[in-house]
Amino acid sequence: MDEKKLRKELEKRLEKQGRIFTYDREKETLRIENEETGKGIEVALSGIVAKWYEHKDKAIDEVVYYVEEALQVMGKEQTLAGSEKKVYPVIRSTSFPLETNEGIPFITDDHTAETRIYYALDLGNTYRMLDEKVIEKEGLDPQKIREIARFNVRSLSTKMKKDSLAGNDFYFLNSNDGYDASRILNDKFLQEKAETIKGDMVIAVPHQDVLIIGDIRNGTGYDILAELTMSFFTSGSVPITALSFIYEDGKLEPIFILAKDHKKED
């Protein structure tokens, strides 16, 4: 599989009347656009090719599903009024765009040196990122939206699976509802978990559909966590960060894990 073959496969599977495909050879991206609305989505081909070698056609299936859902939502009118319970915060990398393709700023907040908070309206199988235009159009207070989203994330399940390796415990939250990484904003959940941790509490959000908490008691534990985080980061459909965070006194601090040692980021 290479970019050329992948491009042809995506065009074949996503072809529908009224859709336009535009290939950017320099960026190696394929844009799929609704001809009537002018709205569309860009797909980076190189990353999908890399995932194909590990997951085969499943990697392409995920992209097709994501694009179909996104295009279905684009151009449709969504309102926040009456849908406040469907507003959630979402975690993204700090490299994620700060504005829409039309240049409208998203509603965002700083989180850590590696992550940023965005806000979204849940639409079932997908969601729409909230931007200033949507908020202003409905006459809403951005701060109120933030408070509602933070409240709603606390209502999400925090059930985790546990695995123990080399004297360390690892907990995985992977409900696949699109907001697994968002649980890192549930302060009560983190504080309660911290009370049960015997070693260092380290948290990772490698992509949007997983949150990992490590009860790290030795250097090997840090090595294992680094490998786990990188594995999830490279396989996730929406990668966030391969770095982990020390959780201490209610604060998150990114760390680099080097060999059997670790050090806090300067």
Side-chain angles (χ1 to χ4, degrees), residues 44 47-48 50-56 58-59 61-63 65-66 69 88-96 111-120 122 124-127 129 149-150 152-166 168-194 196-197 200-216 221-247 252-257 262:
I48 303 169
K51 290 178 183 178
W52 184 88
Y53 282 101
E54 184 175 354
H55 302 286
K56 301 303 179 185
K58 182 182 177 182
D61 293 341
E62 288 181 353
V63 175
Y65 175 80
Y66 171 71
E69 290 292 337
Y88 295 98
V90 290
I91 298 294
R92 289 291 182 268
S93 163
T94 49
S95 63
F96 193 82
H111 184 229
T112 72
E114 302 296 322
T115 54
R116 183 179 292 120
I117 305 169
Y118 292 73
Y119 296 88
D122 188 89
N125 292 327
T126 185
Y127 49 69
M129 292 285 201
R150 292 294 191 112
N152 289 340
V153 80
R154 293 197 293 269
S155 69
L156 298 175
S157 170
T158 54
K159 185 178 181 181
M160 307 188 82
K161 294 181 179 179
K162 178 182 177 182
D163 195 6
S164 297
L165 293 167
N168 305 273
D169 293 333
F170 300 91
Y171 301 87
F172 301 87
L173 203 161
N174 185 214
S175 62
N176 283 312
D177 59 6
Y179 308 103
D180 289 309
S182 298
R183 268 76 159 187
I184 200 172
L185 300 173
N186 185 340
D187 295 329
K188 182 180 179 182
F189 162 56
L190 297 186
Q191 290 166 8
E192 290 178 348
K193 194 63 185 174
T196 70
I197 299 294
D200 293 336
M201 180 168 168
V202 185
I203 305 174
V205 283
H207 64 70
Q208 76 163 14
D209 293 314
V210 67
L211 182 146
I212 307 170
I213 295 179
D215 184 348
I216 308 299
Y222 277 96
D223 292 340
I224 294 171
L225 182 63
E227 292 176 6
L228 284 171
T229 303
M230 182 56 72
S231 176
F232 277 106
F233 177 73
T234 56
S235 64
S237 58
V238 185
I240 299 177
T241 176
L243 288 185
S244 300
F245 304 87
I246 284 282
Y247 181 79
L252 294 164
E253 185 172 355
I255 59 169
F256 293 108
I257 301 174
H262 64 281

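For the numbers below, each heavy atom of this structure counts, side chains included, while hydrogens, waters and symmetry mates do not.
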Note to self: Quick one, Asp209 and Val238 - any side-chain contact, counting heavy atoms below 4.5 Å?
What the structure shows: no

Check: Got Val205 and Val210 here, is their nearest side-chain heavy-atom distance under 4.5 Å?
Finding: no

Item checked: Heavy-atom pair with the smallest gap, counting every atom of Phe245 and Leu243 -> CE1-O, 4.0 Å

Note to self: If you count every heavy atom of other residues, nucleotides or ligands that lies below 6.0 Å from Lys56 atom NZ, does the total exceed 12?
What the structure shows: yes

Margin query: With side-chain contact (heavy atoms from CB on, under 4.5 Å) as the criterion, how do Ile117 and Val90 come out once you've worked through the C-alpha distance, each side chain's angles and the decisive distance to 0.1 Å?
Written below: CA-CA 6 Å; Ile117 305 169; Val90 290; over 6 Å; no

Notebook entry, point to check: Aromatic ring centroids of Tyr127 and Tyr88 under 6.0 Å?
Noted result: no

Next item on the list: Would you please test Leu173 and Phe189 for side-chain contact (heavy atoms from CB on, under 4.5 Å) and show each step?
Entry: CA-CA 12 Å; Leu173 203 161; Phe189 162 56; 4.1 Å; yes

Margin query: A side-chain contact here means heavy atoms from C-beta on lying under 4.5 Å apart; do Thr115 and Ile184 qualify?
Written below: no

Notebook entry, point to check: Given side chains that start at C-beta, do those of Asp169 and Ser164 come closer than 4.5 Å, heavy atoms only?
Noted result: yes

Note to self: Among residues at least two apart in sequence or on other chains, which ones pass ring pair (Phe, Tyr, Trp, His ring centres under 6.0 Å) with Phe96?
What the structure shows: Tyr118

Item checked: Closest non-hydrogen atom pair, Gly178 against Gln208 -> O-OE1, 3.9 Å

Note to self: Quick check: do Lys162 and Tyr171 have side-chain heavy atoms less than 4.5 Å from each other?
What the structure shows: yes

Next item on the list: Spell out, as yes or no, whether a donor-acceptor pair under 3.5 Å connects the side chain of Arg116 to the backbone of Thr94.
Entry: yes

Item checked: Check: Ser231 side chain, Glu227 main-chain N or O, donor-acceptor pair, under 3.5 Å -> no

Check: With distance as the sole test, does Arg183 use its side chain to make a donor-acceptor pair with the main-chain N or O of Ser157 at under 3.5 Å?
Finding: yes

Check: What residue among Asp215, Asn168, Ile216, Ile197 forms side-chain contact (heavy atoms from CB on, under 4.5 Å) with Val202?
Finding: Ile216

Check: Can Ile213 and Tyr247 be said to form a side-chain contact (heavy atoms from CB on, under 4.5 Å), step by step?
Finding: CA-CA 10 Å; Ile213 295 179; Tyr247 181 79; over 6 Å; no

